[in-house]
Amino acid sequence: MHKADIAAKFAEIAGLLEILGENPFKIRAHLNAARVLETTNEDIASLASEGALTSIKGIGKGIAEKITTLLQTGDLPELKALHEKVPGGVLDMLKIPGLGPKRVKAVWENLGVTTLGELEYACNENRLATLEGFGNKTQEKVLKGIATFHQFAGRWLLSEATKHAETALAWVKKHGDVKRAMIGGSIRRGKETVRDIDIIASSSKPLEVMEHFANAPFAVEVIAQSLAKTSVRFENGLQADLRVVADKEFPCTLYRFTGSREHNSAMKTFAESRGMKINEYGLFKDKKPLPCNDETAIFEALGLSYIPPELREGLGEIETARNCNVFDLIEYNDLEGLFHCHTKYSDGRETLETMARACKELGFKYLGISDHSRSASYAGGLSIDDLKKQGDEIDKLNDKLDGFRIFKGVESDILGDGTLDYPDEVLEPLDFVIASVHSSLGMDEKKITTRIIRAVENPYTTMLGHPTGRLLLSREPCAVNMFEVIDACAKNNVIIEINANPHRLDIDWHLMHRAKSAGVMLSINPDAHRIAGLRHAKYGVMVALKGGLAKADVLNSMSLADVTCELAIRKK
DNA sequence: GCCGTTTTCGGCCCGACTGTTTTCAGTCG
């Protein structure tokens, strides 16, 4: 059993205990253990065998025993006992916004509701609103929450799907008869959420390769097996399709199973206009296949410049490819530094120095630190004194970190009225200020737009952080009118963040063209709370590509000297 | 259930918001 699986068990226990109204501190201890397990670098199995699990902060005697039991048996008697007390579907209800443990318990005990389906039914019959402590507003909110839940079911975050896709790809490549293999589909296009994994491989023995795939250790179920493809399911329900073709067909199959439906359809039409035909088996002229060794050759044969996978959405990219030689797009290696990172000063896992050194080791030249501000008490936001203290530490580190620079910043909460939560004299000496909304995201369009624009107009705001507050697959963006916000950013010389955390990817890439044409600069920010989070910048680059951004549009593609200058100019 | 320690038990984050009530419980971040 893996650390992440054990962590999930503890989170499950916490949820069940919550519904049962157990001691809140016991619940927190389990949640804390889950988080610790998710993030620790320790080898749990060997610590368990040495009886040294309690050396990890947050793991005491009780939880250490449970981890050991889970490692040895894969199961936990306590969890079984809890499941006997609480029906499975009741736990799902905790995922509905507006329903916490108390209300879930009330719904379950008073209405006998034990699944989301029954809950929806009860809402439609107006039974939820009649419960004590509930009303029409809550009932409506729950109904909306259930709809959102269904809408997101069966979709995965790009980061999660990528991780599984890489596992599957590595397994496919292990087969000795595989010549080429790649991840295709929406993962290759960098879509922020995806439905399944597509892997394309070439081999002279396709059936054997597909059989090998069906027998993969991660495949808990083989959903379909045919001459054309094999589909398996991972334990978490994610589906992976493998197509194996002859090597000469590989480029066209990969191409066909990468582009969106709209892109493929547009390309089919374009090829026909050139007297050609394109499908998953090849590119044909006068019914004769044109040899294409890779995707580049396909575009060349069609008289187009190469269209990167991220752009193959059917949004006019073929037209662009006819008119220009190359797409001028940012690449991951263009990034010179990273802004928007957290440390132990607020809710980050690492010290300032550890984060800076990790960033340097990744090859970056600078790091912009922006811990939470004082009103973000839930995230350990910094008092004015702490912020000064951090600034002093940054000064010392900058003397030590040869050729690497830490910029002093803060992620300041945008308060309800649009003001930032430090006085001007505190913001003034900082190198940069990210203004972000973290609370009261439910305001109507007019109110929240006015609020955010007021923050953009603050002379100390350098960047607008995760502008819509969306959490992919769990929280819709707030009602903000982003067109107005983009215009305000242009007017006030404020940079817009592309929050690269795979849960956010905010702003949405569809809006990047508009920001670019309004003359707004963007910044690809990892919003890292731990070392691994720094690598999330790659997802930010993927969506920036989708948004058609060039190196020149992105703040943190500037050299250290240039970015220092840029920040100074913006401060004025 | 964990931590820290005056080693045996008390403290563990808490303020804002929402919707419900009519003074506050529950949820959220």
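Letters A, B, ... mirror the listed sequences (proteins, then strands); counts begin at 1. Note that the coordinates shown come from a computational prediction; the quantities given were computed from them, not determined experimentally.
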> Under the side-chain hydrogen bond (donor to acceptor under 3.5 Å, both in side chains) test, which residues partner A/Arg155, sequence neighbours left out?
Replying inline: A/Thr193
> Roughly how many Å is it from NZ in A/Lys102 to C1' in B/dA25, rounded to a whole number?
Replying inline: 8 Å
>> Can you list everything that forms a side-chain contact (heavy atoms from CB on, under 4.5 Å) with A/His342? Sequence neighbours excluded, please.
In response: A/His340, A/Ser346, A/Asp347, A/Asp371, A/His372, A/Glu411, A/Asp527, A/His529
> Can you list the residues that meet the side-chain hydrogen bond (donor to acceptor under 3.5 Å, both in side chains) rule with A/His83, with sequence neighbours excluded?
Replying inline: A/Glu12
>> Using the side-chain contact (heavy atoms from CB on, under 4.5 Å) criterion, which residues pair with A/Lys408? Sequence neighbours excluded.
In response: A/Ile394, A/Asp395, A/Leu430, A/Asp431
> Can you name the side-chain contact (heavy atoms from CB on, under 4.5 Å) partners of A/Arg103, sequence neighbours left out?
Replying inline: A/Leu99, A/Phe134, A/Thr138
> How long is the line joining CG of A/Asp413 and P of B/dC14, in whole Å?
Replying inline: 18 Å
List every contact pair, protein side and nucleotides 17-22 of chain B side both N or O, where the distance is under 3.5 Å.
unit_1: B/dG19; atom_1: O3'; unit_2: A/Thr138; atom_2: OG1; d: 3.3
unit_1: B/dT20; atom_1: OP1; unit_2: A/Gly135; atom_2: N; d: 2.5
unit_1: B/dT20; atom_1: OP1; unit_2: A/Gly135; atom_2: O; d: 3.1
unit_1: B/dT20; atom_1: OP1; unit_2: A/Asn136; atom_2: N; d: 3.3
unit_1: B/dT20; atom_1: OP1; unit_2: A/Thr138; atom_2: N; d: 3.4
unit_1: B/dT20; atom_1: OP1; unit_2: A/Thr138; atom_2: OG1; d: 3.1

> Which residues, if any, of residues 70-97 of chain A bring a heavy atom under 4.0 Å of DNA chain B?
Replying inline: A/Pro97
> Which pairs, with at least one residue in residues 18-27 of chain A and sequence neighbours excluded, count as a salt bridge (charged side-chain N to carboxylate O under 4.0 Å, His left out)?
Replying inline: none
> Nearest-Å distance, CG (A/Leu415) to C1' (B/dG15)?
Replying inline: 13 Å
> In residues 11-26 of chain A, what residues come within less than 4.0 Å of DNA chain B, judged by heavy atoms?
Replying inline: A/Asn23, A/Phe25, A/Lys26
> Over how many whole Å does the gap from A/Leu37 atom CG to B/dC2 atom C1' extend?
Replying inline: 14 Å
> Which residues pass the side-chain hydrogen bond (donor to acceptor under 3.5 Å, both in side chains) test with A/Arg127, sequence neighbours left out?
Replying inline: A/Glu125
> Out of B/dC3, B/dT27, B/dG1, which has the shortest distance to the side chain of A/Pro101?
Replying inline: B/dT27
>> If the condition is side-chain hydrogen bond (donor to acceptor under 3.5 Å, both in side chains), which residues does A/Arg349 pass it with, not counting sequence neighbours?
In response: none
>> Do the side chains of A/Asp421 and A/Arg374 get close enough for a salt bridge, i.e. N-O under 4.0 angstrom?
In response: no
>> Nearest whole Å is fine: how far is B/dA16 C1' from A/Asp421 CG?
In response: 13 Å
> Does the ring centre of A/Tyr366 sit less than 6.0 Å away from the ring centre of A/Phe339?
Replying inline: yes
>> Tell me every residue that passes side-chain contact (heavy atoms from CB on, under 4.5 Å) with A/Ala129, counting only those two or more places apart in sequence or in another chain.
In response: A/Asn126, A/Asn136, A/Gln139
> In whole Å, what is the span from the NE2 atom of A/His30 to the P atom of B/dC3?
Replying inline: 13 Å
> Across all strands, who's sitting opposite B/dT8 as a Watson-Crick or G-U wobble pair, both distances under 3.5 Å?
Replying inline: none
